[in-house]
Amino acid sequence: MREHELTPEDILDTLRNIEDPEVGTNIVDLGLIYEVLVATDGMVNVKMTTTTRFCPASGFLADAVKVRVEDLIGVRQAQVDLVYEPAWSPEMAQLFSLDDLKK
């Protein structure tokens, strides 16, 4: 066992440093991160969305998430999946709890 096991909370803390360029709020508090799975082999899967299906920043945001997660010690590889179900709405900001992200 590693000295510090990587947790979904570690991933979320890192992702709070990424702001949606159109809204100016970090992607975690904005409710764009739907799921974070951390495997014991260092693989991390993040399911996220964007504020609109055809958001011009979607590629930038997904790439930023992948780079930030893969920079964490203990991460072997990150996979970022853009999903659009459920569709994002402003009410989703701070809607998902950490328990929702650990499914």
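Keep in mind the model is a prediction, meaning the values are calculated, not measured. The basis for the numbers below is simple: all heavy atoms, side chains too, and nothing from hydrogens, waters or symmetry mates.
- In this view, Phe60 and Pro21 satisfy the side chain to side chain contact (heavy atoms under 4.5 Å, CB included) rule, not counting sequence neighbours.
- Residue Leu30 holds its CG atom at 9.5 Å from CE of Met48, rounded to the nearest 0.5 Å.
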Item to complete: Go through Val46 and Tyr34 one step at a time and tell me if the side-chain contact (heavy atoms from CB on, under 4.5 Å) criterion holds.
Response: CA-CA 8 Å; Val46 178; Tyr34 285 174; over 6 Å; no

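- Using a cutoff of 4.0 Å between basic side-chain nitrogens and carboxylate oxygens, Asp71 and Arg68 are not scored as salt-bridged.
- Side-chain contact between Ser58 and Arg53: absent, with no pair of heavy atoms (C-beta onward) separated by less than 4.5 Å.
- Once rounded to the nearest 0.5 Å, the distance linking CG of Leu12 with CD1 of Ile27 reads 9.0 Å.
- Residues passing the side chain to side chain contact (heavy atoms under 4.5 Å, CB included) test with Thr52 are Cys55, sequence neighbours excluded.
- One hydrophobic cluster holds both Val23 and Ile18 under the rule that ILVMFWY side chains link at heavy-atom gaps under 4.5 Å.
- Note that the CH2 atom of Trp88 and the OG1 atom of Thr49 stand 9.5 Å from one another [nearest 0.5 Å].
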Discussion item. Let's go through Val69 and Leu15 carefully: what are the C-alpha distance in whole Å and the side-chain angles of both, what is the deciding distance for side-chain contact (heavy atoms from CB on, under 4.5 Å) to 0.1 Å, and is it a yes or a no?
Written reply: CA-CA 8 Å; Val69 172; Leu15 298 182; 4.0 Å; yes

Worksheet item: Where do Leu6 and Val44 land on the side-chain contact (heavy atoms from CB on, under 4.5 Å) test, with the steps shown first?
Response: CA-CA 10 Å; Leu6 197 62; Val44 174; 4.3 Å; yes

Item to complete: Test Thr7 against Val38 for side-chain contact (heavy atoms from CB on, under 4.5 Å), laying out the working first.
Response: CA-CA 7 Å; Thr7 66; Val38 180; over 6 Å; no

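- Here the CZ-OG1 distance, from Arg76 to Thr40, works out to 10.0 Å after rounding to the nearest 0.5 Å.
- Side-chain heavy atoms closer than 4.5 Å link hydrophobic residues (I, L, V, M, F, W, Y) into clusters, and following such links, possibly through other members, connects Leu32 to Tyr84.
- The distance from atom CD of Gln79 to atom CE of Met43, rounded to the nearest 0.5 Å, is 4.5 Å.
- Within the model, atoms OG1 of Thr25 and CD of Glu19 stand 7.0 Å from one another, a figure rounded to the nearest 0.5 Å.
- For the residue pair Asn17 and Asn26, no side-chain donor N or O sits within less than 3.5 Å of a side-chain acceptor on the partner.
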Fill in: Test log, rule salt bridge (charged side-chain N to carboxylate O under 4.0 Å, His left out), inputs Asp13 and Arg16
CA-CA 5 Å; Asp13 286 344; Arg16 279 192 174 86; 3.4 Å; yes

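- Pro8 places none of its side-chain heavy atoms less than 4.5 Å from the side chain of Glu35.
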